[in-house]
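What follows is a short report on a single structure.
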Amino acid sequence: MLRTAVIVPLLVPPFVSAVAFTRAFGPGGLLDDVAGLTLPGLVGPVGIVLVMGVHAAPLVYLVVAASLASRARPELEWAGRVAGGSRSFVLRRVTLPLLGPAIAGGAALAFVVSMNSFGIPAVLGIPAGFPTITTRIYSDLARSADPASFERALVLAAVLVAVVLIVVITGDRFVRRAVRGRHAGSAREPARPESGPGGAIVVWAYVVLTTGVPLAALTLTGLTKAVGLAPVPSNWTLGNFAEAWSGGAWGAAGRSLLLAATAATVAAVLGVLASARSSPTWPGSVTAAAFAVPGSALAVAVLLAYGPWLRDTVLIVLVAYLAKFWALADRSIAGSLGAIDRDATRAARVSGAPKALTLRRIVVPMVRPAVTAAWLLVFLFGLHELTMSSLLYGPGTATLAVHTLNVQQLGDITVTAALAVLLTLPGLVTAVVVGRRRSA
């Protein structure tokens with residue numbers, strides 16, 4: 001349960017997390033109503049860093065947890081404990097140095113995600129007059145009539161790409177050098193450094209404060225009749241959720257579902273086709289590079305390439321989704337294909353089956369769980385995507401995430417909270433269903 005709870009922030013759209021934090025710890029929020037306390041500096045750079053850190057923490061956790069489960073030489077911790085070292089001593093002097101490459105890789109990934117973030121700075125930075133590169137690009141493209149604004153957006157996008165690539169390349173070189181410096185050893189049993197019950201209590205407290213309380217505050221705001229009323233059952237109503245679906249919300253929700261499902265289906269098919277090739281290295285490299293490019297910069301690139309023909313259409317948003325999220329499907333499916341038994345495909349080819357039939361009747365059934373997982377991953381990312389959608393949408397092509405952001409910027413707090421809850425539910429429901437199936 002704790003491991004599942006730690007990754008929940010990754011399933012919540014980033015700008016929804018920002019809205020939830022304002023409803024939990026900001027002026028007029030849950031903590032203010034209950035205890036008269038607010039979190040100083042939440043709207044501004046401090047709050048942006050805090051919410052970005054909470055959103056990126058599950059990525060670091062997943063990278064480090066995978067390293068702990070698969071790395072060699074777990075007996076080094078055992079030797080440290082047998083030699084009389086305490087848990088904290090072994091953690092500080094043995095485990096953390098061994099996890100250095102994983103921590104560096106996770107930190108680089110968190111940096112890329114934070115540099116790419118638009119929703120969090122939009123919610124917490126724009127009201128405080130604290131712009132970031134992503135919000136400046138948005139302002140230049142979406143709100144400025146100055147002919148030079150597009151040129152400024154191009155320059156800012158190039159700067160964003162350059163910074164991200166420098167950090168990624170530097171981090172990758174550090175990780176590779178650290179991994180090469182290790183000695184191979186036995187990995188018969190994964191190391192499980194013990195932190196004691198105190199560590200679990202600290203992590204549970206972190207999860208409750210950074211995930212539980214904000215999501216509860218967001219839900220209560222969506223249920224409360226008006227801002228300023230106590231969030232008690234006598235003041236609850238479903239009217240905010242009904243109002244949330246008025247206007248263009250239904251069309252935006254339909255476009256979000258259509259775009260996310262189409263992108264997930266095409267990306268899964270492309271992932272199978274690319275991974276089934278005998279030499280699939282270059283497609284993987286291209287998709288990984290596209291995924292590393294910040295969404296703001298990628299949206300500008302898509303505008304330059306396809307704007308004259310597809311501007312203000314749903315298709316240009318779909319092109320951006322495919323360029324960004326193909327890597328998620330490709331990497332998931334490629335890893336599964338690398339582990340399957342090739343004897344079955346060789347037997348099919350020897351028996352005279354063409355490549356297409358072998359792919360459809362042998363390969364796809366064997367990797368169906370990976371394809372399903374890849375589809376769900378791309379679908380959720382597409383459903384929550386805001387950065388590219390906010391730059392590429394036109395009249396009548398807004399997604400539900402963009403519609404929610406527009407309502408939030410108009411100042412309708414209760415309806416914004418209701419929309420944010422509705423946007424978050426699919427990810428949480430999917431996580432619960434997948435978690436229960438895995439445990440079963």
Side-chain angles (χ1 to χ4, degrees), residues 13-15 112 115-119 121-122 126 131-165 248 251-267 270 283 286-330 378 381-406 409:
F15 80 97
V112 171
M115 283 290 294
N116 186 30
S117 179
F118 164 74
I126 291 178
T132 63
I133 292 182
T134 55
T135 57
R136 283 291 302 274
I137 293 175
Y138 173 76
S139 299
D140 285 335
L141 290 181
R143 296 185 174 182
S144 178
D146 185 359
S149 60
F150 192 74
E151 297 179 3
R152 288 197 301 268
L154 287 178
V155 174
L156 290 173
V159 171
L160 196 59
V161 172
V163 172
V164 169
L165 291 180
R255 283 186 291 272
S256 291
L257 291 172
L258 177 63
L259 283 168
T262 304
T265 302
V266 176
L270 292 176
V286 172
T287 57
F291 186 72
V293 173
S296 300
L298 187 58
V300 174
V302 171
L303 276 174
L304 288 173
Y306 302 103
W309 305 281
L310 301 179
R311 189 180 182 90
D312 295 336
T313 67
V314 175
L315 286 178
I316 196 170
V317 182
L318 179 61
V319 170
Y321 282 14
L322 289 174
K324 185 71 173 176
F325 302 136
W326 181 8
L328 297 174
D330 179 71
V378 176
F381 269 76
L383 195 64
H384 294 167
E385 207 287 322
L386 175 65
T387 305
M388 298 182 297
S389 304
S390 63
L391 296 175
L392 297 174
Y393 84 99
T397 63
T399 63
L400 186 57
V402 172
H403 179 74
T404 305
L405 180 65
N406 290 339
Q409 292 182 338

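Computation of the quantities below employed the complete heavy-atom set of this structure, encompassing side-chain atoms and omitting hydrogens, waters and symmetry-equivalent molecules.
A pairwise comparison of heavy atoms in Leu392 and Ala320 identifies CD1-CB, 3.5 Å as the closest pair. Across every non-hydrogen atom of Ala297 and Val161, the tightest pair is CB-CG2, 3.4 Å. The two atoms that bring Phe325 and Val378 nearest to each other are O-CG2, 3.7 Å, heavy atoms only. Of all the heavy atoms in Pro121 and Thr132, the pair that sits closest is CB-OG1, 3.6 Å. The two residues Met115 and Thr134 make their nearest non-hydrogen contact at O-CG2, 3.6 Å. What you find for Glu385 and Thr399 is that their closest heavy atoms are O-OG1, 4.4 Å.
By the 4.5 Å heavy-atom criterion applied to side chains, Ile133 and Val163 are not counted as neighbours. By the 4.5 Å heavy-atom criterion applied to side chains, Arg255 and Val402 are not counted as neighbours. Residues Leu391 and Ser296 are in side-chain contact: their nearest non-hydrogen atoms beyond the backbone lie under 4.5 Å apart. For the pair Ile316/Leu303, a side-chain contact is recorded, criterion being any heavy-atom separation below 4.5 Å from C-beta on. The closest side-chain heavy-atom distance from Val302 to Met388 is not below 4.5 Å.
The backbone N or O of Leu386 sits less than 3.5 Å from a side-chain atom of Ser390, completing a donor-acceptor pair. The backbone N or O of Tyr393 lies less than 3.5 Å from no partner atom in the side chain of Thr397, so there is not a single donor-acceptor pair.
Each side-chain hydrogen bond (donor to acceptor under 3.5 Å, both in side chains) pair with one or both residues in residues 307-323, not counting sequence neighbours, appears once here: Tyr321-Ser389.
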Residues 260-267, side-chain donor-acceptor partners within the protein, below 3.5 Å, at least two apart:
| unit_1 | atom_1 | unit_2 | atom_2 | d |
| --- | --- | --- | --- | --- |
| Thr262 | OG1 | Leu258 | O | 2.7 |
| Thr265 | OG1 | Ala261 | O | 2.8 |
| Thr265 | OG1 | Trp375 | NE1 | 3.0 |

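Separation of atoms CG (Leu298) and NZ (Lys324) is listed at 6.5 Å; rounding is to 0.5 Å. Atom CG of residue Leu257 and atom CG of residue Leu400 lie 8.0 Å apart, to the nearest 0.5 angstrom. Distance OH/Tyr306 to CG/Leu315: 11.5 Å, rounded to 0.5 Å.
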field: Intermediate values then yes/no, side-chain contact (heavy atoms from CB on, under 4.5 Å), Leu160 and Leu156
entry: CA-CA 6 Å; Leu160 196 59; Leu156 290 173; over 6 Å; no
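Partners of Phe15 by ring-ring contact (aromatic ring centres under 6.0 Å, His included), not counting sequence neighbours: none found.
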